[in-house]
Undergrad: 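Encoded as structure tokens, here's the structure I'll be asking about.
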Amino acid sequence: MELKFRLLTLDDVPAIRTLSDSMDMRNDPKIGETAERIINDPVCDLYGAFAEGILVGVGGLRMLTSQYAWIEDVRVHGEYQRMGVGTGIFNYGEELARKKNCTLVAYQTVTENKGSCRIGENLGFKRSHEMTAFYIRQERAPAQEKDTSTLEPLPPEEALSLLKKMPRAPTEEICIGWAYRPLVASIFDDNPDMNFFVVKDTLALEVRRRGVTAGDIQYVNVIIYGNEENVLPLLEEMRRRNRNTEWIFCLVPGPLVSVLEGTDFTYGRVWNGEKNIVALFKKHL
Ligand SMILES: CC(C)(COP(=O)(O)OP(=O)(O)OC[C@H]1O[C@@H](n2cnc3c(N)ncnc32)[C@H](O)[C@@H]1OP(=O)(O)O)[C@@H](O)C(=O)NCCC(=O)NCCS
């Protein structure tokens with residue numbers, strides 16, 4: 001099947017919605033609902049793959065820094081999967097990154113997504129950083145009740161410099177929930193929904209996730225690195241800070257997984273019932 005690629009514009013939104021409607025539940029958030037916002041985002045290019053004029057796949061290339069590009073929002077039309085479209089979408093993202101003089105291109109996927117893992121292997125991406133997701137559904141405190149945590153957020157630069165000295169600290173990227181970001185403080189500056197907290201030699205990154213249209217907080221991701229001894233106290237503080245939020249997801253690296261087991265947090269599961277483990281795939285250009 002011959003594929004033609006080009007950047008998408010607002011004129012393509014109806015075709016993107018058709019593609020979105022053709023997909024199963026692995027289209028979250030629905031690309032038909034987010035496309036307009038992505039097209040208007042100055043640091044992300046949304047591009048499409050066309051077969052005989054039909055939009056059969058989309059992908060987004062986000063510039064995280066001037067040299068680090070991130071492929072996201074990959075979706076292949078439900079009737080065109082397993083025909084090479086996904087491979088073409090990731091490959092075109094890499095080409096775009098090269099044109100922008102990037103030295104790194106990366107993406108994130110859950111390890112159960114055999115298609116996107118296979119594509120990464122085929123295209124020479126290296127699978128690295130993995131985080132396991134847990135969640136808790138808590139009874140929401142009434143809106144007027146303030147949080148009871150005494151922890152104060154740290155400026156990103158200070159937090160990331162402390163992170164470097166923590167046990168088994170990540171050295172190049174940090175997980176932000178369902179994606180990764182390079183350890184560059186400016187990426188986190190001026191983002192009120194991303195806050196760092198440190199207890200001794202353990203760090204938590206709190207990421208508040210908002211709904212696509214209403215902008216209200218839907219759930220909170222808490223990403224934890226460091227010493228196992230401080231994980232649960234830190235998590236308790238994060239729950240105190242987010243008492244008005246029903247769903248809290250906690251993501252931890254392999255060595256901290258056992259700390260969460262047996263607590264009132266439950267393993268996150270993906271569509272096939274397997275554990276929700278998010279992996280980084282990365283390629284030096
Ligand atoms: C994942 C997805 C992008 C793959 O796209 P695709 O066009 O079906 O993939 P391709 O046809 O290019 O397949 C590439 C390889 O993956 C394999 N593959 C694709 N889907 C697979 C599946 N569900 N299970 C196992 N292997 C799969 C193919 O067999 C092929 O392997 P090969 O090179 O050894 O023959 C597509 O299924 C999709 O849009 N899924 C929903 C959204 C999503 O998961 N996005 C990616 C988030 S990172």
Side-chain angles (χ1 to χ4, degrees), residues 1-6 8 12 15-35 37-38 41 44-52 54-62 64 68-97 104-133 173 175-181 209 212 221 249 251 268-283:
M1 187 170 48
E2 198 201 333
L3 294 176
K4 291 204 169 109
F5 293 88
R6 66 163 170 81
L8 298 173
D12 296 304
I16 300 170
R17 292 212 175 111
T18 304
L19 178 147
S20 185
D21 291 343
S22 75
M23 296 186 68
D24 62 16
M25 61 193 180
R26 287 183 304 149
N27 176 25
D28 181 26
K30 289 194 172 73
I31 192 71
E33 291 170 13
T34 54
R37 196 187 63 197
I38 304 166
D41 187 333
C44 191
D45 284 334
L46 193 67
Y47 56 90
F50 293 83
E52 293 174 354
I54 297 170
L55 181 67
V56 292
V58 302
L61 190 79
R62 177 173 297 280
L64 300 182
Y68 199 138
W70 182 257
I71 299 174
E72 61 188 24
D73 298 311
V74 173
R75 305 282 190 280
V76 175
H77 191 296
E79 287 164 29
Y80 290 83
Q81 292 185 2
R82 301 192 84 154
M83 297 179 183
V85 177
T87 304
I89 292 278
F90 280 95
N91 195 41
Y92 188 75
E94 179 184 329
E95 269 177 38
L96 268 184
L104 273 164
V105 61
Y107 68 94
Q108 169 275 335
T109 188
V110 296
T111 54
E112 280 306 307
N113 192 333
K114 302 299 178 202
S116 50
C117 291
R118 185 84 187 122
I119 292 171
E121 287 161 18
N122 288 345
L123 295 179
F125 283 71
K126 192 165 165 261
R127 177 167 160 173
S128 56
H129 202 136
E130 284 187 12
M131 298 289 278
T132 302
E173 292 89 6
C175 178
I176 61 162
W178 320 125
Y180 289 85
R181 292 291 179 262
R209 298 284 175 181
V212 176
N221 281 135
F249 288 83
L251 290 101
R269 304 271 168 189
V270 294
W271 61 91
N272 61 3
E274 295 297 325
K275 288 175 190 164
N276 185 352
I277 300 173
V278 293
L280 175 71
F281 280 76
K282 175 170 157 180
K283 185 169 178 177

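First listed ligand is number 1; within each ligand, the first listed atom is number 1.
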Undergrad: Can you list the steps and then say if E52 with I54 is a side-chain contact (heavy atoms from CB on, under 4.5 Å)?
TA: CA-CA 6 Å; E52 293 174 354; I54 297 170; 5.6 Å; no

Undergrad: Using 30° and 60° as the class boundaries, would you call the ring planes of Y92 and F5 parallel, tilted or perpendicular?
TA: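 Rings of Y92 and F5: parallel, under 30°.
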
Undergrad: Angle class for the F90/Y107 ring planes (parallel below 30°, perpendicular above 60°, tilted otherwise)?
TA: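 Tilted.
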
Undergrad: I need the contact residues for ligand 1: any residue with a non-hydrogen atom closer than 4.0 Å to the ligand, ordered by chain then number.
TA: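 Ligand 1 is contacted, at a heavy-atom distance under 4.0 Å, by M23, R26, V74, R75, V76, Q81, R82, M83, G84, V85, G86, T87, Q108, T109, N113, K114, G115, S116, R118, I119, N122.
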
Undergrad: Checking side-chain contact (heavy atoms from CB on, under 4.5 Å) between R75 and each of N27, I16, I89, which is the one that passes?
TA: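 Answer after filtering N27, I16, I89: N27.
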
Undergrad: Quick one: do D41 and R62 make a salt bridge, cutoff under 4.0 Å?
TA: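 Yes, this pair counts.
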
Undergrad: Looking only at the side chains, is there a donor atom on one of E173 and Y68 sitting less than 3.5 Å from an acceptor on the other?
TA: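 The criterion, which ignores hydrogens and geometry beyond distance, is satisfied for Y68 and E173.
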
